[in-house]
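To start, the structure under review is shown below, and the notes come after it.
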Amino acid sequence: RGDCPVRELLVDCARELPARAAGEPEIELRVRRTLARLQGYLGLASDAEVHALRAVELARIVPDRGALVPSLLQLGRARFALGDANAAAGHAEEAARQAVGEDLEDPDLLAAIDELFAECAQRTGDDEQALVAAERSLHSRRRRGDLQKVARSLRQIASLHGAIGRIEPAMTALDEALSLEADLGK
């Protein structure tokens, strides 16, 4: 199916998934989370939400203790994309509680949770809380050492400072992000 659009492939996969993954919730969970992420990238937030919601349901029943946190994060992203920042923040909050409860120390996952918190706080008008969450995300990403993601966090911080009229810290964060991105391009 070389000429098949990606959206059609995703629809076919979603339609066939229940039969193909019957009795294998761990497999269905991973595929649902992947479908949610891909559909989110394509701007299909409603479809992403359906798959993320099912992934959360499955994550609550599978023995993999680390499955719930990324599933909740994916559901939060889908709900945010649908315009429901309060629900998204609730999913991010539950993901953060689960990460602490499960003693998960994945800096990327923790950074992604804080990034979603920051986006939700900004959308609901809590700029100070958005900056606090964005700074936590940056700290986690610096610990991990992924310079591309560090630059992403710095851009988020620059945007947040700029949105509330703090031009100097916005420019400082943006300059650092651009410098990192230039270094990455070499």
Worksheet entry | From CA spacing to verdict: side chain to side chain contact (heavy atoms under 4.5 Å, CB included), Asp146, Arg141 | CA-CA 6 Å; Asp146 183 335; Arg141 289 189 166 142; over 6 Å; no
Discussion item. Using every non-hydrogen atom in the two residues, find where Ser140 and Ala111 come nearest and quote the distance to one decimal.
Written reply: CB-CB, 3.8 Å
Discussion item. If hydrophobic clusters are built by linking Ile, Leu, Val, Met, Phe, Trp and Tyr wherever their side-chain heavy atoms come under 4.5 Å apart, do Met171 and Leu138 end up in the same one?
Written reply: no
Discussion item. Between Thr34 (side chain only) and Arg30 (backbone N and O only), is there a donor and an acceptor less than 3.5 Å apart?
Written reply: yes
Worksheet item: What pair of heavy atoms forms the shortest contact from Ala96 to Phe117, and how long is it?
Response: CB-CE1, 4.2 Å
Item to complete: State yes or no: do Val31 and Tyr41 share one hydrophobic cluster built from I, L, V, M, F, W and Y residues joined by side-chain heavy-atom distances below 4.5 Å, directly or via other members?
Response: yes
Worksheet item: Could you state the interatomic distance from CG (Asp175) to OG (Ser179), rounded to the nearest 0.5 Å?
Response: 8.5 Å
Practice prompt. Give the minimum heavy-atom separation between Ser71 and Ala59, together with the two atoms involved.
Written response: OG-CB, 3.8 Å
Worksheet entry | Any pair counted as side chain to side chain donor-acceptor pair (under 3.5 Å), so long as it reaches residues 81-97, sequence neighbours left out | Arg60-Glu94, Arg79-His91, Glu93-Arg97
Fill in: Greater than 12 external heavy atoms within 6.0 Å of Arg136's CZ
yes
Discussion item. What I'd like to find out is whether the side chain of Val69 reaches to under 4.5 Å of the side chain of Ile113, using heavy atoms alone.
Written reply: yes
Item to complete: Supply the atom-to-atom distance Leu154 CG to Ser137 OG, rounded to the nearest 0.5 angstrom.
Response: 10.0 Å
Item to complete: Decide side chain to side chain contact (heavy atoms under 4.5 Å, CB included) for Arg33 and His51; before the verdict, give the C-alpha distance in whole Å, the side-chain angles of both, and the deciding distance to 0.1 Å.
Response: CA-CA 7 Å; Arg33 221 171 31 226; His51 294 295; over 6 Å; no
Discussion item. For the backbone of Val150 and the side chain of Ser153, can you confirm whether one donor and one acceptor N or O come within less than 3.5 Å of each other?
Written reply: no
Practice prompt. Please list, chain by chain and in numerical order, all residues satisfying salt bridge (charged side-chain N to carboxylate O under 4.0 Å, His left out) with Glu135, sequence neighbours excluded.
Written response: none
Item to complete: Kindly indicate whether the side chain of Glu28, heavy atoms from C-beta on, has any atom under 4.5 Å from the side chain of Arg54.
Response: yes
Worksheet entry | Arg152 CZ: over 12 foreign heavy atoms closer than 6.0 Å | no
Discussion item. Looking at every non-hydrogen atom in both residues, tell me the closest pair between Ala48 and Ala78 and how far apart they are.
Written reply: C-CB, 4.0 Å
Worksheet item: Has the side chain of Ser159 got a donor or acceptor atom that lies under 3.5 Å from a matching backbone atom of Arg155?
Response: no
Discussion item. Let me confirm one number: the CG-CG distance from Leu116 to Leu72, rounded to the nearest 0.5 Å.
Written reply: 11.0 Å
Worksheet, complete the sentence: Of all heavy-atom pairs linking Arg166 and Leu131, the shortest is NH1-CD1, 3.2 Å
Fill in: Candidate pair Phe80 and Arg123, rule side chain to side chain contact (heavy atoms under 4.5 Å, CB included), full reasoning
CA-CA 9 Å; Phe80 184 83; Arg123 187 172 283 176; 3.3 Å; yes
Practice prompt. Rounded to the nearest 0.5 Å, what's the gap from CG on Leu110 to NE2 on His139? Could you check?
Written response: 10.0 Å
Practice prompt. Could you tell me the separation between the CG atom of Leu82 and the CD atom of Glu49, rounded to the nearest 0.5 Å?
Written response: 5.0 Å
Fill in: Arg143 CZ to Asp108 CG distance, which is reported to the nearest 0.5 Å
10.0 Å
Practice prompt. Carefully, step by step, assess Gln156 and Glu115 under the rule side chain to side chain contact (heavy atoms under 4.5 Å, CB included).
Written response: CA-CA 8 Å; Gln156 183 182 37; Glu115 182 178 71; 3.7 Å; yes
Worksheet, complete the sentence: Scanning both residues in full, the closest heavy-atom pair of Gly66 with Pro70 reads O-CD, 3.1 Å
Fill in: Lys/Arg N to Asp/Glu carboxylate O, Arg77 vs Glu119, below 4.0 Å
no
Worksheet item: Any link between Leu38 and Leu44 through a network of hydrophobic side chains (Ile, Leu, Val, Met, Phe, Trp, Tyr) touching at under 4.5 Å?
Response: yes
Worksheet item: Are Leu29 and Val56 in one and the same hydrophobic cluster, where Ile, Leu, Val, Met, Phe, Trp and Tyr link if side-chain heavy atoms are under 4.5 Å apart?
Response: no
